[in-house]
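Quick notes on the structure that follows.
All values below were derived from every heavy atom in this structure, side-chain atoms included, with hydrogens, water molecules and symmetry-related copies excluded. Position 1 is the first residue of the sequence, and the numbers go up from there. From a predicted model like this one, the values you see are computed outputs, not experimental measurements.
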Amino acid sequence: MENLRGSILMVLSMGGFALEDMFVKRLADSLPVGQIIILLGLGGALIFGTITRTQGGRLWSRDLVSRPVILRNCGELVGTLGFVMAIALTPLSSASAILQATPLAVTLGAALFLGEAVGWRRWAAILVGFCGVLMVIRPGMAGFEPASLFAVLAVFGLAARDLATRRVSRTISSMQLSTYAFATLVPTGVILLAFHGTPAMPTAVNWRDLVLALLCGVSAYYAIVAAMRLGDVAVITPFRYSRLVFALIIGVTLFDERPDVWTLAGAGIIIASGIYTFWRERRLARRMALA
């Protein structure tokens, strides 16, 4: 029963993140990306900062300027910037398909930078998964969209964030980390805005979309934390890929997107590779535990 509840929460979480992406894409129709990042950073830092204080946590700690936290914030910055640019300039469905390669990039980074053992099967899965990314992007072909490379940048930024998180002190709560990650977006948005785009006065609809994006994002965050605490990680984690299903539905119904065969096939390969990689990691972990 706990696995069922956890799986449902994971699907709801992915739906929440897909809705957040939808509202951000709507904002990008009338506001420059730098301004969107500033507004998201301020809103997210305010929400997570308030939650931190409500839970009795401190907003400042020396640990928050440690190397792992700084690296994590930089990864969050690159990942958010890349993905916001991707969904602003490319179809939501293709950007979300590329984002599904993040777990593969995490496994790759763990092998290259953290010294974790990765066997030939997982190396093969990583290679196949990134071939799926190339199928979505199609460099050198008629369907190539250079802006899709922002989604690739997001993958490596978010992978760096997740890898750095493994080295963050346990004395720092998830709420504190989220507060500082969002706060870091504000100066980044200011710099981006200084070089590209002119600030615009948000309309009532813009403010509505911003509030809904933040609410969806925070709710999705809580749902994913609850999901991971409820059931078996091996059962629940594959449901992360439901985010792509939601993105496809939103893209087709609201933004009149028409993903082609290459995009759908590439997305399928990325997801299959990711699930296999995770399954293989869990199997090896159980084998080590029994040894």
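Of the inter-residue distances, the one linking Ile98 atom CD1 with Phe83 atom CZ reads 9.5 Å to the nearest 0.5 angstrom. Between the CG atom of Leu153 and the OG atom of Ser148 there is a distance of 11.5 Å, given to the nearest 0.5 Å. Rounded to the nearest 0.5 Å, atoms CZ (Arg53) and OG1 (Thr179) are 11.0 Å apart. In this structure, Met14 CE and Ser96 OG are separated by 11.5 Å, a value rounded to the nearest 0.5 Å. In this structure, Ile70 CD1 and Leu77 CG are separated by 13.0 Å, a value rounded to the nearest 0.5 Å. For the atom pair CG of Leu59 and OG1 of Thr50, the computed distance is 8.5 Å after rounding to the nearest 0.5 Å.
Looking only at side-chain heavy atoms (C-beta outward), Phe278 and Thr107 stay at 4.5 Å or farther from each other. The shortest distance between side-chain heavy atoms of Leu158 and Leu99 falls below 4.5 Å. Side-chain contact check for Asp21 versus Arg243: some heavy-atom pair is nearer than 4.5 Å.
Ring orientation note: the planes of Phe156 and Phe130 are close to parallel, at an angle under 30° on the 30°/60° scale.
For residues 24-47, the set of pairs meeting the side chain to side chain donor-acceptor pair (under 3.5 Å) definition, not counting sequence neighbours, comprises Arg26-Asp209, Ser30-Asn206.
In this view, Thr102 satisfies the side-chain hydrogen bond (donor to acceptor under 3.5 Å, both in side chains) rule with no residue, not counting sequence neighbours. In this structure, the ring-ring contact (aromatic ring centres under 6.0 Å, His included) partners of Trp279, at least two apart in sequence or on a different chain, are Tyr276.
Of the candidates Thr188, Thr184, Leu185, Val24, Thr80 forms a side-chain contact (heavy atoms from CB on, under 4.5 Å) with just one, namely Leu185.
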Inset, instruction - Show the numbers, then the answer: is there a side chain to side chain donor-acceptor pair (under 3.5 Å) between Asp260 and Thr263? - result: CA-CA 5 Å; Asp260 57 20; Thr263 298; 2.9 Å; yes

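When every heavy atom of Pro103 is checked against every heavy atom of Tyr241, the shortest pair comes out as CG-OH, 3.8 Å.
A salt bridge does not link Arg122 with Glu116: every distance from a Lys NZ or Arg NE/NH1/NH2 to an Asp or Glu carboxylate oxygen is 4.0 Å or more.
Between the side chain of Ser13 and the backbone N or O of Leu9, no donor-acceptor pair lies under 3.5 Å. A donor-acceptor contact shorter than 3.5 Å links the side chain of Ser173 to the backbone of Gln176. Glu257 places a side-chain N or O within 3.5 Å of a backbone atom of Ser93 that can act as its donor or acceptor partner. Under the 3.5 Å distance criterion, the side-chain polar atoms of Tyr221 are left unmatched by any main-chain donor or acceptor of Phe17.
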